[in-house]
Student: 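I have a structure here, written as structure tokens, and I will follow up with some questions on it.
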Amino acid sequence: MNNIAVILGAGSGSRMKADKSKLLLEIGGMTVIERTVLTFINHPMVDEVIVVCRESDFEAFENVLSRYDISYCFGGETRQESVKNTVETIDDCDLLIIHDGARPLVTDKEISDTISKARESLAAAVGVPVKDTIKIVDDSLKIIDTPKRSSLISIRTPQIFKFSLYTAALSLANEQNRDFTDDCQLIENYGAEVFTVIGDYGNIKITTPEDLPTAESIIKMRGKEQ
């Protein structure tokens with residue numbers, strides 16, 4: 001088995017309102033990107049790690065991650081373009097593990113469980129049951145439907161796919177001139193099934209300034225539990 005993890009870190013991060021990439025901010029005494037990368041490098045079921053970043057951030061990322069045996073790829077204008085750029089550098093692998101660099105609190109169990117499910121089903125993603133009641137609204141924000149909460153899952157990463165399946169789905173999307181913001185949707189568009197694995201609510205995405213103290217609290221809580 002040859003499983004390659006692609007860590008996506010080429011987003012603009014505009015909602016963080018910081019003067020540098022949000023992945024270079026620190027939580028728990030370590031940058032977001034280093035904490036994310038370290039989890040995958042240390043995982044026994046991950047054989048290689050590729051970090052996707054903006055060309056303008058490359059030097060800063062390299063300085064932070066210089067001690068680790070990883071590869072780099074420059075991102076595109078969209079998530080799908082960033083993964084496509086990376087896939088084109090890979091000759092072959094068994095499973096393609098796609099993870100948001102801004103999710104530094106992913107757990108080893110989430111990675112293991114999702115890899116195991118992807119080996120069995122070819123496509124799997126981490127998710128958590130939705131806690132809130134979700135409403136569907138029209139353009140005027142009038143509520144038009146209330147989906148059953150028990151049928152709703154909030155999808156996170158990692159999202160893991162058989163490499164040959166992912167490349168076929170990517171090729172189809174390119175032929176259709178379609179660009180998806182979610183890799184599961186790319187696979188769904190191809191007509192393949194994607195299965196979910198229940199993950200950890202602590203696997204949050206660092207998006208806005210409020211997420212930083214939340215992440216710090218999760219790190220401290222996990223430390224006390226060990």
Side-chain angles (χ1 to χ4, degrees), residues 1-13 16 18-76 79 81-116 118 125-126 156-161 163 166 183 199-200 202-207 211-212 215-216 218-220 222-223 226:
M1 294 293 180
N2 179 28
N3 303 326
I4 297 180
V6 175
I7 310 298
L8 298 175
S12 63
M16 184 56 72
D19 59 359
K20 58 183 176 181
S21 169
K22 64 185 179 182
L23 302 188
L24 296 171
L25 300 175
E26 289 195 1
I27 54 169
M30 185 182 296
T31 62
V32 171
I33 187 61
E34 184 175 7
R35 187 175 288 276
T36 304
V37 166
L38 194 57
T39 301
F40 283 88
I41 284 178
N42 288 338
H43 198 284
M45 299 170 78
V46 177
D47 302 293
E48 182 181 346
V49 172
I50 302 174
V51 172
V52 184
C53 66
R54 295 180 295 181
E55 190 171 357
S56 58
D57 290 330
F58 173 67
E59 185 175 352
F61 273 47
E62 194 174 39
N63 286 339
V64 169
L65 302 171
S66 60
R67 74 185 78 177
Y68 304 116
D69 182 18
I70 60 176
S71 303
Y72 292 91
C73 184
F74 293 144
R79 179 192 185 90
E81 285 184 14
S82 291
V83 181
K84 178 177 178 291
N85 289 351
T86 309
V87 164
E88 289 175 347
T89 70
I90 300 171
D91 292 330
D92 192 23
C93 69
D94 182 39
L95 296 178
L96 185 70
I97 303 165
I98 302 174
H99 186 71
D100 297 321
R103 291 190 185 275
L105 304 182
V106 60
T107 66
D108 288 339
K109 186 177 187 302
E110 285 177 303
I111 297 171
S112 298
D113 288 351
T114 314
I115 287 176
S116 296
V126 166
R156 305 185 173 188
T157 64
Q159 298 180 10
I160 305 178
F161 313 99
F163 184 71
Y166 190 90
D183 297 289
D200 191 312
N203 181 9
I204 65 170
K205 189 173 185 180
I206 306 299
T207 304
D211 296 324
L212 296 172
E216 295 273 3
I218 293 170
I219 291 169
K220 290 178 181 177
R222 287 179 175 176
Q226 294 173 355

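What's counted below: heavy atoms across the whole structure, side chains too, no hydrogens, waters or symmetry copies. Remember, predicted model here, so these are calculated numbers, not experimental data.
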Student: Would you compute the distance between atom CD1 of Ile206 and atom CD1 of Ile33 and round it to the nearest 0.5 angstrom?
Tutor: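 Answer for the CD1-CD1 pair, Ile206 versus Ile33, is 12.0 Å.
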Student: Using distance alone, with no hydrogens and no angle criterion, decide if His43 and Ser112 have a side-chain donor and acceptor under 3.5 Å apart.
Tutor: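 Note: His43 and Ser112 side chains meet the donor-acceptor criterion.
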Student: Scan Val83, Val6, Thr157 and name whichever one has a side chain to side chain contact (heavy atoms under 4.5 Å, CB included) with Asp183.
Tutor: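 When side chain to side chain contact (heavy atoms under 4.5 Å, CB included) is applied between Asp183 and each of Val83, Val6, Thr157, only Val83 qualifies.
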Student: Does a salt bridge link Lys84 with Glu88, judged by any charged N lying under 4.0 Å from a carboxylate O?
Tutor: yes
Student: Who passes salt bridge (charged side-chain N to carboxylate O under 4.0 Å, His left out) against Asp100, sequence neighbours left out?
Tutor: Arg79, Arg103
Student: Report yes if some heavy atom in the side chain of Leu38 is under 4.5 Å from a heavy atom in the side chain of Asn42; otherwise report no.
Tutor: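 Answer yes - side chains close enough.
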Student: Which word best sums up how the rings of Phe74 and Phe58 line up, parallel for under 30°, tilted for 30 to 60°, or perpendicular for over 60°?
Tutor: perpendicular
Student: How far does CD1 of Ile160 sit from NE2 of His99, to the nearest 0.5 angstrom?
Tutor: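 One gets 10.0 Å once the value is rounded to the nearest 0.5 Å.
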Student: Rounded to the nearest 0.5 Å, how far apart are CG of Asp200 and OG1 of Thr107?
Tutor: 5.5 Å
Student: Say whether, by atom type as modelled, one donor and one acceptor occur between the side chain of Arg54 and the main chain of Gly75 under 3.5 angstrom.
Tutor: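 Not at all, since once roles are kept as given, no pair shorter than 3.5 Å links the two residues.
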Student: When rounded to the nearest 0.5 angstrom, what distance separates CZ in Phe61 from CD1 in Ile7?
Tutor: 11.0 Å
Student: Could you give all pairs that pass the side-chain hydrogen bond (donor to acceptor under 3.5 Å, both in side chains) test and reach residues 61-73, with sequence neighbours left out?
Tutor: Glu34-Tyr68
